[in-house]
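Only a predicted model underlies this, so the values are computations on that prediction, with no experimental measurement involved. Chain identifiers are assigned alphabetically (A, B, ...) following the order of the sequence lines, protein sequences preceding nucleic acid strands; residue numbering begins at 1 within each chain.
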Amino acid sequence: KQEVTQIPAALSVPEGENLVLNCSFTDSAIYNLQWFRQDPGKGLTSLLLIQSSQREQTSGRLNASLDKSSGRSTLYIAASQPGDSATYLCAVEGGSEKLVFGKGTKLTVNP
Amino acid sequence: EPEVTQTPSHQVTQMGQEVILRCVPISNHLYFYWYRQILGQKVEFLVSFYNNEISEKSEIFDDQFSVERPDGSNFTLKIRSTKLEDSAMYFCASSLLGTQNTGELFFGEGSRLTVL
């Protein structure tokens with residue numbers, strides 16, 4: 001059974017700092033991995049999708065990497081801003097048209 | 001930009017009542033999903049739907065739950081007889097290609113269900 005773990009559970013940084021969020025998964029046989037952002041009481045906003053054949057994806061200040069063999073992904077956020085404050089969720093395609101989610105990393109960027 | 005819309009945003013119901021949560025997926029998408037998130041917990045898969053039938057469901061999705069695509073635009077989740085533990089945020093999602101075909105999933109804003 002696929003399990004997804006995200007570390008740290010919470011992170012507080014000053015504005016402008018570069019930071020890394022970590023995601024690990026137990027079964028490396030995945031189709032893809034997706035990073036989402038969730039604001040309090042809101043839905044999930046897709047940030048990046050990495051297919052299993054890819055090593056990384058970039059969108060603006062965000063860069064996500066995938067190491068399938070070791071069961072790890074990282075989300076790198078450059079030059080963080082207060083507007084980046086949210087919970088970041090990692091999810092892997094666990095087979096049969098379903099995503100398995102981690103519990104998330106709650107990020108606070110202080111002005 | 002196309003988006004997934006959900007109604008209602010919040011519903012309060014008494015235990016044992018039937019609830020229908022509604023979703024309008026992105027118009028050209030072919031795969032539809034329901035997920036839920038109990039407060040403070042992980043987002044959990046409930047069901048996936050493709051070609052007018054359920055393609056996968058979790059152990060949470062028991063006989064009290066059903067899904068339907070009554071017309072070309074709506075996708076509904078029905079809970080027949082709600083329990084206290086059904087209180088959660090329910091998210092609808094859609095995808096053009098499906099997750100196994102490396103399609104991206106797009107989520108709605110959620111419907112918060114409170115069972116009293």
Review point. If you group Ile, Leu, Val, Met, Phe, Trp and Tyr by side-chain heavy-atom gaps below 4.5 Å, do Val24(B) and Val47(B) land in one group?
Key: no

Review point. What is the distance from atom CD of Glu3(A) to atom NZ of Lys42(B), rounded to the nearest 0.5 Å?
Key: 5.5 Å

**Study point:** Polar side-chain atom of Lys98(A) near backbone of Ser58(B) as donor-acceptor pair, under 3.5 Å
**Key:** no

Check your understanding: Can you tell me how far the OG1 atom of Thr45(A) sits from the CZ atom of Phe106(B), to the nearest 0.5 Å?
Key -> 10.5 Å

Point to revise | Neighbour count >12 (heavy atoms, 6.0 Å) for atom CG, Leu84(B) | key: yes

Practice item. Look at atom NZ of Lys83(B) and say whether more than 12 heavy atoms of other residues, nucleotides or ligands are closer to it than 6.0 Å. Key: yes

Review point. Got more than 12 heavy atoms from elsewhere within 6.0 Å of CG, Asp63(B)?
Key: no

Review point. With a 4.5 angstrom heavy-atom cut-off, which part of Tyr50(B) approaches chain A: side chain, backbone, both or neither?
Key: neither

Check your understanding: Is there a path of hydrophobic side-chain contacts, each under 4.5 Å between heavy atoms of I, L, V, M, F, W or Y residues, that connects Leu113(B) with Leu44(A)?
Key -> no

Check your understanding: Given a strict heavy-atom distance threshold of 4.5 Å, which part of Gln6(B) is in contact with chain A: side chain, backbone, both, or neither?
Key -> neither

Exercise for review: Measure the spacing between CD of Glu104(B) and CZ of Phe36(A) and express it to the nearest 0.5 Å.
Suggested key: 7.5 Å

Practice item. Can you tell which part of Ile50(A) gets under 4.5 Å to a heavy atom of chain B, answering side chain, backbone, both or neither? Key: neither

**Study point:** Exceeds 12 heavy-atom contacts within 6.0 angstrom, atom CZ of Arg69(B)
**Key:** yes

Review point. What part of Leu46(B) gets closer than 4.5 Å to chain A, counting heavy atoms only: side chain, backbone, both or neither?
Key: neither

Practice item. State, with a plain yes or no, whether a side-chain heavy atom of Gln38(A) is found less than 4.5 Å away from one of Phe107(B). Key: no

Practice item. Take atom NZ of Lys57(B) as the centre, draw a 6.0 Å sphere, and report whether it contains more than 12 heavy atoms from other residues, nucleotides or ligands. Key: no

Check your understanding: Are any non-hydrogen side-chain atoms of Tyr33(B) and Leu99(A) less than 4.5 angstrom apart?
Key -> no

